[in-house]
Amino acid sequence: MTNLHTELKKSIIEQLNLEDMQVEDIASDEPLFGDGLGLDSIDALELIVLLEKDYGIKLTDPTQGREIFTSVNRMAEFIEENRTK
Amino acid sequence: MAKGVAITGMGIISALGPDVPTHFNALKNARHGLSYPEILKTRHTNLPVGEIKHSNADLAEKLNIPQELVVTRAALLAALAIKEALNQSKIRANGTFLVSGTSVGGMDATEEHFKNFQENKELRKYIRAQHPGFSTEQLAEYFGITGGVNTISTACSSGANAIMLGAKLIKSGKAKRVIAGGTDCLSRFTLNGFNSLMILDKGFCKPFDKNRNGLNLGEGAAYLVLEAEGEIGERLVLGRLSGYGNANDAFHQTASSETGEGAFLSMQKALKTAEISAEKIDYINAHGTGTLNNDLSESAALKRIFKSEIPDFSSTKAYSGHTLAAAGALEAVFSLLSLQEKCVFPNLNFKKGILEVGLYPETGFKKKDINFVMSNSFGFGGNCTSLIFSRNGE
Amino acid sequence: MGNKVFVNGISSISVQEEFTWGKGFLEVSEEISRAHKPDFKKYIKPAALRRMSPAIKMGLSAGKMALEDAKLEMPDAIITGTGQGCKRDTERFLTEMESGGEVLLSPTSFIQSTHNTLAGQMALHIKCRGYNITYTQNSASLELALQDALMQLQEKSAKNILTGGVEEISELITGFMAFDGQLKKNHKTDLLDNRDLNTPNLVSNQDVFSKNYLADLPQGRLLQSKTPGTFFAEGSQFFVLSSEKNKNNYAELKDLTVKYRPENMNTEIQTFLAKNDLELSDIDTLILGNNGDFRFDNHYHTLQQGIFKETLQLGFKQFSGEYDTASGFAVWAACRILKSGIIPSEMKLNKKSVSKIKNILIYNQYLGKNHSLILLSGL
């Protein structure tokens, strides 16, 4: 697990108010939505805010998130490719 | 068929104009009222809105309200609409009920002043103004209303629910005359809120279009005067509220279900209270906000209610913008105009239908016999309300 | 007048602990008091809880407690009242918007800032697709919710309705009330007469929350206060109203009225009672909304020394604190009194006694604007 993975898990827990969760509780390949972490469409919007705030990546179409927020692995990959900060 | 509650007055203000005739002309001539924020001080000057280009001071002057009185923009807009409705119906305010729907309330004043409440004593009069009931109380005092004062806040279906409650109060005998409707002004709070949900179209909204990309916010107010049979005498009845239904989608905090369950139930209930079958509906003023989700869900619900025989329908959101709590009330006025003028209003900015539903709104101004109009209003929290208006004597 | 309407289930989340019924209420002792909260996880899944403000947690839990109490799974309608709504989320969004210059705003607090958030969440949680509405007429919000429920049950358009109210306290918006005379300021000096206790002016809620000024004061002092403003609190009371009574039934909700700035409350009360075929003497217990704001408590004093001079008078806001739907606490207490026959002695505002409690009238107003009357009867 890279630093980015850990950092991302920390910010996900914070941004989404996952009070009872620790970084270790989120597996990098675990689905974030549906059966995995159980996030929903409101969380997806929060994650879009997170991408822009922390990594300077601006998504204009909320449906783009569906493909990016599949897992922490996929998010990290996307951030590495597109980050501006 | 239910006789319905008589409507003897209506008043309206929005970006389309200050009264009922200007609204009819705009709708008839497919002329929208959208622009960019000028009165509202926001950084989002690139987002189209249905803004009324009058400052609060201008509006207060029209109403002869002294500057030092604390009056929210929502109340100013409502007062202008109610004045028009009262002029038409000529009822006395004394003993009349006021039921008002609002979601923004006095948030415009709060966002402007809250940082300075501590230092500036002058501004503290706005502290209570934030809460929705305050604007309704101001209206009651301005018009001398003594019957009952009531505020409903069910997000974007508030105005429709206020009109429904007005009818219920009359039917139950609790009230003889009710002024009912809704008001909401633009605020940075709501503009930024909808923006954070990523459902604002940066262009003009395109309800029911395949390429729709969100809604435009608007501001406005509209009110109806509803009266019990014994009160009407020789006065003109503009139309009747013959059906209403309120249901909850119970699906998601903001999104509507794919099957449009809540919308289906509210339309079904409205038909039931009106005691008519679905084929009787001649025109539907749809909620049709222009978001991907609403228009798809509403279309699914329309198909479930009307099967293959979908009546003429259109959304008027592209004219006024989505005026939130006022929307149901504005569209109640449009529904009454449709009955009176025997016409269907064009849905603006529609080019291609949504493939998976195959529904096509009316895009031209169309004259035809109209006896029953359905108006839909849906809101956050799964709130769905449908109203049915009918011709007097129908 | 149609069908009879019964209260089949009740619940209360307030500054008081639920189990203290009959064991003594504690008087609110701070300008702003938080509610004593139940274990929310008993009622709401953790995944859902994480986003919720206290208003939603309290309201959803109270709603579910009332359903449980009535042994009802699915009501026909959900009708809520809240004067000030979801203040926490509102001010979170507001402050983020101000400090961030209208960019990068988190949508969750906006979504949850609407006044109908609770009613919507309640529908979502129990999958209730029936009638759903929220009233927001300041201090009459709960009464108007009850009135709608009453109307539907009397007309038989519904059998069981879940109805209730909620208010939460929040740092900013509740704190603002210290600036416009709604919240008592410096009450330590106000209430302790001439003792100079050198308390600073309240400038932020940090102060408000950390001080327990009145902890050692004798009971009953708030209502005797001679200063403007009152003590604020939060809470949620819910009721299952039904057209048929169940075994658990508490009382009959006979009637209710709300008047905006009535000219003469004596006349309003007499008209209201006459409509229900009752005379003044039929009211054996009167519950009043005195809140220690000397500017407006005269509305109650007039009745206390006038037409209801000989009637047992109870107060409740010294125990619930003031909030827009605080009358829910009075309805809840009335239901408990009617069912148990026990009147907590600390609620009494005069020395009258009642042999058999039959008709309870609740009168409440706030800042002299919305005045409400609620009539409940034992069975």
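In what follows, chains carry the letters A, B, and so on, assigned in the order in which the sequence lines appear, proteins first and then strands, with residues in each chain numbered from 1.
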May I ask you to test the [X]-[Y] pair for a side-chain heavy-atom distance under 4.5 Å?
X	Y	value
C/Gln112	B/Gln253	yes
B/Thr110	C/Leu94	yes
C/Val103	B/Arg43	yes
B/His131	C/Thr136	no
B/Arg188	C/Glu98	yes
C/Phe176	B/Arg128	no

More than 12 heavy atoms of other groups within 6.0 Å of [X] [atom1]:
X	atom1	answer
C/Lys127	NZ	yes
C/Glu155	CD	yes
B/Lys125	NZ	yes

Please rank B/Val149, B/Thr102, B/Thr151, B/Thr42 by heavy-atom pairs under 4.5 Å with chain C and give me the top one.
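Among the listed options, the one with the most contacts to chain C is B/Thr151.
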Pairs of heavy atoms under 4.5 Å with chain C: top-ranked of B/Pro132, B/Cys384, B/Ala247, B/Gly381:
B/Pro132
Test item: side-chain donor near acceptor, B/Glu137 and C/Asn370, under 3.5 Å
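Present: a donor and an acceptor within the cut-off.
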Pair C/Asn132, B/Asn246: side-chain N/O donor-acceptor within cut-off below 3.5 Å:
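Side-chain D/A pair, C/Asn132 to B/Asn246: absent.
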Partner chain B: residue of C/Thr108, C/Thr117, C/Asp324, C/Asn116 with the largest heavy-atom pair count (under 4.5 Å)
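Winner by heavy-atom pair count: C/Asn116.
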Determine, stepwise, if the pair C/Tyr131 / B/Met164 fulfils side chain to side chain contact (heavy atoms under 4.5 Å, CB included).
CA-CA 12 Å; C/Tyr131 183 93; B/Met164 175 184 72; 3.5 Å; yes
Give the C-alpha distance, both sets of side-chain angles, the deciding distance and a yes or no for side chain to side chain contact (heavy atoms under 4.5 Å, CB included) between B/Thr146 and C/Lys259.
CA-CA 8 Å; B/Thr146 56; C/Lys259 295 283 167 187; over 6 Å; no
Test salt bridge (charged side-chain N to carboxylate O under 4.0 Å, His left out) applied to C/Glu102 and B/Lys41, step by step
CA-CA 11 Å; C/Glu102 298 187 63; B/Lys41 296 297 167 223; over 6 Å; no
Rounded to the nearest 0.5 Å, how far does [atom2] of [Y] lie from [atom1] of [X]?
X	Y	atom1	atom2	value
C/Ser141	B/Asn150	OG	CG	8.5 Å
B/Asn248	C/Met122	CG	CE	11.5 Å
C/Thr134	B/Asn383	OG1	CG	6.5 Å
B/Asn192	C/Leu105	CG	CG	5.5 Å

Could you tell me how the ring of B/Phe189 sits relative to the ring of C/Phe110: parallel (under 30°), tilted (30 to 60°) or perpendicular (over 60°)?
tilted
On a heavy-atom basis, which atom in B/Leu197 and which in C/Pro107 lie closest, and how many Å separate them?
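Shortest heavy-atom contact: CD2-CB, 3.9 Å.
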Go through the steps to decide whether C/Tyr135 and B/Leu165 satisfy the test side chain to side chain contact (heavy atoms under 4.5 Å, CB included), and finish with yes or no.
CA-CA 11 Å; C/Tyr135 291 94; B/Leu165 181 73; 3.4 Å; yes
Would you please test B/Glu141 and C/Arg261 for salt bridge (charged side-chain N to carboxylate O under 4.0 Å, His left out) and show each step?
CA-CA 9 Å; B/Glu141 292 184 15; C/Arg261 293 202 158 181; 3.5 Å; yes
Verify side chain to side chain contact (heavy atoms under 4.5 Å, CB included) between C/Asp180 and B/Tyr126, making sure each step is shown before the conclusion.
CA-CA 9 Å; C/Asp180 71 348; B/Tyr126 289 107; over 6 Å; no
